[in-house]
Amino acid sequence: ARAKYLESAEIYRSIRRRYEASGTSDIAGEFFHLEMVMKRNLMPLFSLPRFWSKLVDLSCGYGELPYRVIGSSITFIILNALIFCIFGMTSGGETYVFNQNLDLIGNLTIFGNALYYSVVSFTTLGYGDFIPISWSKPFAALEAFVGAFMIALFVLAFVKKMTR
């Protein structure tokens with residue numbers, strides 16, 4: 001299988017170069033993505049480089065798929081909102097955390113506030129109206145870091161597509 005993956009990567013690279021030479025960069029981008037997938041398949045199965053390669057593929061399609069950046073950003077925001085609902089956040093002296101004693105509307109309101117806070121953290125706006133508590137703090141910091149990175153990644157992928 002290794003020889004076939006190597007052969008496939010070389011074929012995709014050759015096709016990509018021909019499309020680039022002919023000026024059809026959009027199609028060349030598709031073959032670049034396929035080439036990178038074949039290169040990933042050549043890596044050892046449980047290795048850090050293969051993990052990172054798969055993560056880059058899922059999050060942005062190796063810079064070729066801006067819609068994947070949007071999808072992975074939305075997924076990350078929603079997951080962090082759920083984490084903020086579980087561990088809690090405060091605003092104006094009131095604590096917002098999922099509670100079994102609340103009805104569905106009350107918990108949905110808490111989730112809405114957590115979603116708002118998650119978007120604010122992801123975009124690094126930081127209005128200061130909500131403050132993470134307990135284990136929410138490291139997740140808020142991680143979300144701000146990943147958010148800044150993902151926004152830059154989206155700009156990179158979008159510009160790459162538009163300049164072709």
Side-chain angles (χ1 to χ4, degrees), residues 1-87 89 98 108 110-127 130 132 135-164:
R2 185 168 176 76
K4 294 292 183 187
Y5 285 134
L6 185 58
E7 183 181 350
S8 297
E10 290 173 6
I11 290 170
Y12 288 138
R13 184 179 318 112
S14 175
I15 294 170
R16 174 183 55 91
R17 287 181 179 160
R18 290 189 187 266
Y19 275 114
E20 285 174 346
S22 68
T24 51
S25 299
D26 284 341
I27 299 171
E30 294 173 22
F31 284 100
F32 172 73
H33 180 257
L34 292 170
E35 174 189 351
M36 296 305 291
V37 169
M38 292 304 118
K39 284 184 177 181
R40 181 180 69 235
N41 289 333
L42 287 167
M43 297 175 186
L45 187 59
F46 297 106
S47 66
L48 190 60
R50 185 177 178 133
F51 169 77
W52 283 115
S53 180
K54 182 66 175 179
L55 185 65
V56 170
D57 186 18
L58 289 174
S59 64
C60 68
Y62 297 106
E64 296 294 326
L65 306 169
Y67 65 85
R68 279 199 187 173
V69 179
I70 295 169
S72 58
S73 297
I74 290 170
T75 302
F76 192 70
I77 288 169
I78 291 171
L79 288 175
N80 275 296
L82 289 171
I83 289 170
F84 296 141
C85 286
I86 292 168
F87 292 119
M89 55 194 177
F98 275 154
L108 282 177
I110 290 170
F111 179 72
N113 288 330
L115 191 60
Y116 160 77
Y117 177 68
S118 186
V119 169
V120 168
S121 294
F122 186 84
T123 58
T124 65
L125 288 173
Y127 291 131
F130 284 94
W135 285 98
S136 294
K137 290 179 180 181
F139 287 103
L142 178 67
E143 185 175 23
F145 176 76
V146 170
F149 178 74
M150 292 296 283
I151 290 169
L153 188 60
F154 173 74
V155 170
L156 174 79
F158 185 74
V159 169
K160 188 175 181 181
K161 279 288 192 192
M162 291 293 121
T163 57
R164 288 187 172 165

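Note: hydrogens, waters and symmetry copies are ignored here, and every other heavy atom, side chains too, is used.
- Checked by atom type and distance alone, the side chain of Ser118 never pairs as donor or acceptor with a backbone atom of Ala114 at under 3.5 Å.
- In this structure, the side chains of Tyr62 and Lys39 stay at 4.5 Å or more apart for every pair of heavy atoms.
- Residues satisfying the salt bridge (Lys or Arg N to Asp or Glu O under 4.0 Å) test with Arg16, not counting sequence neighbours, are Glu20, Glu35.
- Taking all atoms of both residues into account, the shortest heavy-atom contact from Pro132 to Lys137 is O-CE, 3.4 Å.
- The nearest pair of heavy atoms linking Met150 to Ser72 is CE-OG, 3.0 Å.
- Listed by chain and residue number, Arg50 satisfy the side chain to side chain contact (heavy atoms under 4.5 Å, CB included) test with Leu45 (two or more places apart in sequence, or in another chain).
- Shortest non-hydrogen contact noted between Phe111 and Cys85 is CA-SG, 3.5 Å.
- Heavy atoms from other residues, nucleotides or ligands lying under 6.0 Å from CZ of Phe154 number more than 12.
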**Message:** Please evaluate residues Tyr116 and Phe130 with respect to the criterion side chain to side chain contact (heavy atoms under 4.5 Å, CB included), reporting the C-alpha separation (whole Å), side-chain torsions for both, the decisive distance (0.1 Å), and the verdict.
**Reply:** CA-CA 9 Å; Tyr116 160 77; Phe130 284 94; 3.7 Å; yes

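- In this structure, Thr124 has no side-chain hydrogen bond (donor to acceptor under 3.5 Å, both in side chains) partners at least two apart in sequence or on a different chain.
- Using a distance-only test at 3.5 Å, with no hydrogens or angles considered, no donor-acceptor pair links the side chain of Ser14 to the main chain of Glu10.
- Every residue two or more places apart in sequence or in another chain was checked for a ring pair (Phe, Tyr, Trp, His ring centres under 6.0 Å) with Phe145, and none qualifies.
- Every residue two or more places apart in sequence or in another chain that forms a side chain to side chain contact (heavy atoms under 4.5 Å, CB included) with Pro138 is listed here: Trp135.
- Smallest separation of non-hydrogen atoms from Gly61 and Leu65: CA-CD1, 3.8 Å.
- Atom CD1 of Ile27 and atom OG of Ser22 lie 7.5 Å apart (nearest 0.5 Å).
- Contact detail for Leu153 and Ser59: the closest heavy-atom pair is CD2-OG, 4.3 Å.
- Annotation: side chain of Ser121 is not in contact with side chain of Phe139 (no heavy-atom distance under 4.5 Å).
- Taking OG from Ser53 and CG from Leu58, the interatomic distance works out to 9.5 Å, rounded to the nearest 0.5 Å.
- In this structure, the separation between CD1 on Ile11 and CG on Leu6 is 10.0 Å, given to the nearest 0.5 Å.
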**Request:** With side chain to side chain contact (heavy atoms under 4.5 Å, CB included) as the test, would you mind laying out the steps for Glu64 and Lys160 before giving the verdict?
**Result:** CA-CA 8 Å; Glu64 296 294 326; Lys160 188 175 181 181; 2.8 Å; yes

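- Distance CE/Met89 to CG/Asn113: 5.5 Å, rounded to 0.5 Å.
- In plain terms, the two heavy atoms of Thr123 and Val120 that are nearest each other are OG1-O, 3.4 Å.
- In this structure, CZ on Arg40 lies 9.5 Å from OH on Tyr5, to the nearest 0.5 angstrom.
- When the shell of 6.0 Å around CZ of Phe98 is examined, it contains more than 12 heavy atoms from other residues, nucleotides or ligands.
- Remark: the backbone N or O of Met36 is not paired with any side-chain donor or acceptor of Tyr12 at under 3.5 angstrom.
- Here the straight-line distance linking atom CZ of Phe31 with atom CZ of Arg13 works out to 14.0 Å at 0.5 Å rounding.
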Ignoring hydrogens and angles, write down the donor-acceptor pairs under 3.5 Å from the side chains of residues 73-82, residues two or more places apart or on other chains.
unit_1, atom_1, unit_2, atom_2, d
Ser73, OG, Val69, O, 2.7
Thr75, OG1, Gly71, O, 2.9
Asn80, ND2, Phe76, O, 3.0

